[in-house]
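Worksheet: the structure to be examined is printed underneath.
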Amino acid sequence: MAYIKPIPVKRENIKVGSQYYTCGYSGSIKVTVIKIFDDGAVLVKTKNNKSKPFVRRINYIFDNSEMAQCASRNWEHDERKRRNK
């Protein structure tokens, strides 16, 4: 299988209450969008009620899980950079 460049969902196509996929350390995660911020981030929650809602950049919100899995390496790199600041 060849590498597929992940294409995130465009900001104008993201709807509050819809389900999308995002990257995680253990693979792709199915999330529901709660709120869209002006700075290019979204507040999302998982189906599991035990976890708290979290903020994710729009660059890492995808329509299908395969795209989210392909982007996980870039997401992990960005997370390491963000934590070191």
Side-chain angles (χ1 to χ4, degrees):
M1 184 172 145
Y3 174 75
I4 301 170
K5 184 176 180 183
I7 302 169
V9 179
K10 293 182 181 178
R11 181 184 177 137
E12 54 271 3
N13 294 341
I14 295 177
K15 297 177 183 170
V16 175
S18 297
Q19 293 187 343
Y20 298 99
Y21 293 92
T22 189
C23 309
Y25 289 110
S26 61
S28 62
I29 305 168
K30 193 174 199 177
V31 295
T32 303
V33 174
I34 299 173
K35 184 177 179 181
I36 302 171
F37 297 107
D38 293 333
D39 62 348
V42 293
L43 182 65
V44 296
K45 68 175 181 175
T46 61
K47 186 177 180 181
N48 185 0
N49 292 332
K50 294 179 183 178
S51 64
K52 296 180 182 177
F54 55 94
V55 176
R56 190 57 50 104
R57 289 183 28 210
I58 290 180
N59 296 346
Y60 298 110
I61 302 294
F62 301 96
D63 283 332
N64 59 21
S65 62
E66 293 174 3
M67 294 283 184
Q69 287 177 349
C70 290
S72 64
R73 182 175 181 191
N74 291 337
W75 174 78
E76 288 179 9
H77 177 71
D78 288 345
E79 281 295 303
R80 282 193 299 272
K81 282 177 37 180
R82 184 184 63 84
R83 288 184 182 173
N84 288 336
K85 285 186 179 182

- Message: Please determine whether a side-chain nitrogen of the Lys or Arg among Glu76 and Arg73 lies less than 4.0 Å from a carboxylate oxygen of the Asp or Glu.
- Response: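 Looking at Glu76 and Arg73, the cut-off is not met.
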
Name the atoms and distances for all side-chain donor-acceptor pairs under 3.5 Å in residues 18-29, with sequence neighbours left out.
unit_1, atom_1, unit_2, atom_2, d
Gln19, OE1, Lys30, NZ, 3.4
Tyr20, OH, Asn13, O, 3.4
Tyr20, OH, Lys15, N, 3.2
Thr22, OG1, Arg56, NH1, 3.1
Thr22, OG1, Tyr60, O, 2.8

Taking all non-hydrogen atoms of both residues, which atom of [X] and which atom of [Y] are closest, and how far apart?
{"X": "Phe62", "Y": "Pro6", "value": "CE2-CB, 3.7 Å"}
{"X": "Val31", "Y": "Phe54", "value": "CG1-CZ, 4.0 Å"}
{"X": "Ile61", "Y": "Val44", "value": "CD1-CG1, 4.4 Å"}
{"X": "Ile58", "Y": "Val9", "value": "CG2-O, 3.9 Å"}

- For atom CD1 of Ile7, is the number of surrounding heavy atoms from other residues, nucleotides or ligands below 6.0 Å larger than 12?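 Open: at most 12 neighbouring heavy atoms sit under 6.0 Å from CD1 of Ile7.
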
- Message: I'd like to know whether Lys81 forms a side-chain contact (heavy atoms from CB on, under 4.5 Å) with Lys85, so could you lay out the CA-CA distance, the side-chain angles of the two residues, the decisive distance to 0.1 Å, and finally the verdict.
- Response: CA-CA 7 Å; Lys81 282 177 37 180; Lys85 285 186 179 182; 5.5 Å; no

- Message: Listing request: all salt bridge (charged side-chain N to carboxylate O under 4.0 Å, His left out) pairs with a residue in residues 37-53, at least two apart in sequence or in separate chains.
- Response: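 Every pair satisfying salt bridge (charged side-chain N to carboxylate O under 4.0 Å, His left out) with a residue in residues 37-53: Arg11-Asp38.
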
